[in-house]
There are 2 protein chains.
Amino acid sequence: MNAPQMTRNQALVFDVLEKAEGPLSAYTILDKLRDQGFRAPLQVYRALEKLLEYGVVHRLESINSFVACAHPGENCHSHGIVAFAICESCGQVMEFHDHEVDHRLMGWVRSQKFKPAKTTIEIRGTCEACAA
Amino acid sequence: MNAPQMTRNQALVFDVLEKAEGPLSAYTILDKLRDQGFRAPLQVYRALEKLLEYGVVHRLESINSFVACAHPGENCHSHGIVAFAICESCGQVMEFHDHEVDHRLMGWVRSQKFKPAKTTIEIRGTCEACAA
DNA sequence: TTGCACACGTTATAGCATAACGCAATTGAT
DNA sequence: ATCAATTGCGTTATGCTATAACGTGTGCAA
């Protein structure tokens, strides 16, 4: 899925996420866009749905939040499974990829004849800076 | 964390989860326990919190649901990272462990001096039976 | 020009989770 | 035995997350 021209709402939501320090909830995004005319959650969720499709935004299932992809310009869907390390103290997120992990997971899945659609890997904990 | 004697509420919630075909949401559990006197979500959430601690129940972050551990009698906390394959069609969940995946993930985490607390691996897709 | 696809706006509602209060039972140290 | 601390419990209220359902406008292709 390549990103076609974003609509105004999509661009606004993406912009907020890109400028954010860490992941944001849909409602936090909504609040940040009230001045641009946003009134309802659906405006945010609809934009997010598209941005997820385009591969420029990720959803963090374990904290019900969204974050801009760490690879500006690229399409994250082409990097295999994306993994996240989420600092529960400062909220910062690190995004990484590991082909061996992909390989093991997909090997197991294959052995079970399970057809994977979407895979989530999220490590919650404390980042180096916060551990001090 | 070993499971001490369960309280009545904990036992009721665990029993519902064990007898269920697949994962259940907290509110579904609540509904199934109305006859035993449950009235409020907190009764369920408090029991679940303990059951998660004891390692006899898992939380599926990507579908806001809970499932009994697939290893009756054992403590799942001792198996390393637990991974789940969740069929979006029939709702069935397969639980598995892969030490190589653990190793790769923990290796990356270590290289970043990130202190992991809780790791989520969930593969959503279609199981063999449903793929037909 | 008509029909379709898509984005959008709005209102309402559904679904998930916890805060805050007070009470009762248990435990364990003195 | 008694007191204090801890833990579980019940209840009410509330907050956060997400989607259903309806209608409008716009652009584009047949």
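The basis for the numbers below is simple: all heavy atoms, side chains too, and nothing from hydrogens, waters or symmetry mates. Quick note on labels: first sequence line is chain A, next is B, and so on, each numbered from 1. Since the model is a prediction, treat every value here as computed from it, not as a measurement.
The separation between A:Leu30 atom CG and D:dC16 atom P is 12 Å, rounded to whole Å. Atom P of nucleotide D:dG27 and atom CD of A:Gln5 are separated by 15 Å, given to the nearest angstrom. Taking atom CG of A:Leu60 as the reference point, atom P of D:dT17 lies 13 Å away to the nearest angstrom. A straight line from OH of B:Tyr45 to P of D:dC9 spans 17 Å, rounded to a whole angstrom. Atom pair A:Leu24:CG and D:dT17:P shows a separation of 11 Å (rounding to whole Å applied). Regarding B:Arg34, its CZ atom lies at a distance of 14 Å from the C1' atom of D:dG10, rounded to whole Å. Between the CD atom of B:Gln36 and the P atom of D:dC9 there is a distance of 15 Å, rounded to whole Å. In this structure, CD of A:Gln43 is placed 16 Å from C1' of D:dT17, rounded to the nearest angstrom.
For the pair A:Val101 and A:Ile121, the minimum side-chain heavy-atom distance is below 4.5 Å. No side-chain heavy atom of B:Met94 sits less than 4.5 Å from a side-chain heavy atom of B:Ile123.
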At a cut-off of 3.5 Å, list every protein nitrogen or oxygen paired with a nitrogen or oxygen from nucleotides 12-14 of chain D, distance to 0.1 Å.
none

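Of all heavy-atom pairs spanning B:Leu105 and B:Ile81, the tightest one is CD2-CD1, 4.2 Å. Listed here is the closest heavy atom pair of B:Glu95 and B:Ala70: OE1-N, 2.9 Å.
A nucleotide of DNA chain C counts as in contact with chain A when one of its atoms lies under 4.0 Å from a heavy atom; the first and last such, 5' to 3', are C:dA7 to C:dT11.
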**OP:** Please report the C-alpha distance between B:Thr120 and A:Arg124 in whole Å, then the side-chain angles of each, then the deciding distance to 0.1 Å, and finally whether the side chain to side chain donor-acceptor pair (under 3.5 Å) criterion is met.
**Re:** CA-CA 8 Å; B:Thr120 297; A:Arg124 293 178 305 296; 3.2 Å; yes
Subject >> Stepwise side-chain contact (heavy atoms from CB on, under 4.5 Å) test for A:Ile86 and A:Gln92 >> reply: CA-CA 6 Å; A:Ile86 306 167; A:Gln92 290 259 64; over 6 Å; no
Original post:
So B:Lys50 and B:Glu53, salt bridge (Lys or Arg N to Asp or Glu O under 4.0 Å) or not? Walk me through it.
Top reply: CA-CA 5 Å; B:Lys50 288 301 180 184; B:Glu53 260 181 49; 3.7 Å; yes
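By the 30° and 60° cut-offs, the orientation of the rings of A:Trp108 relative to B:Phe96 is parallel.
Side-chain rings of B:Phe66 and B:His58 stay apart, their centers remaining 6.0 Å or farther from each other.
Residue A:Asn64 places at least one side-chain N or O closer than 4.0 Å to OP1 or OP2 of D:dA18.
Nearer the 5' end of DNA chain C, as judged by each residue's closest nucleotide, is the contact made by A:Thr7, out of B:Arg46 and A:Thr7.
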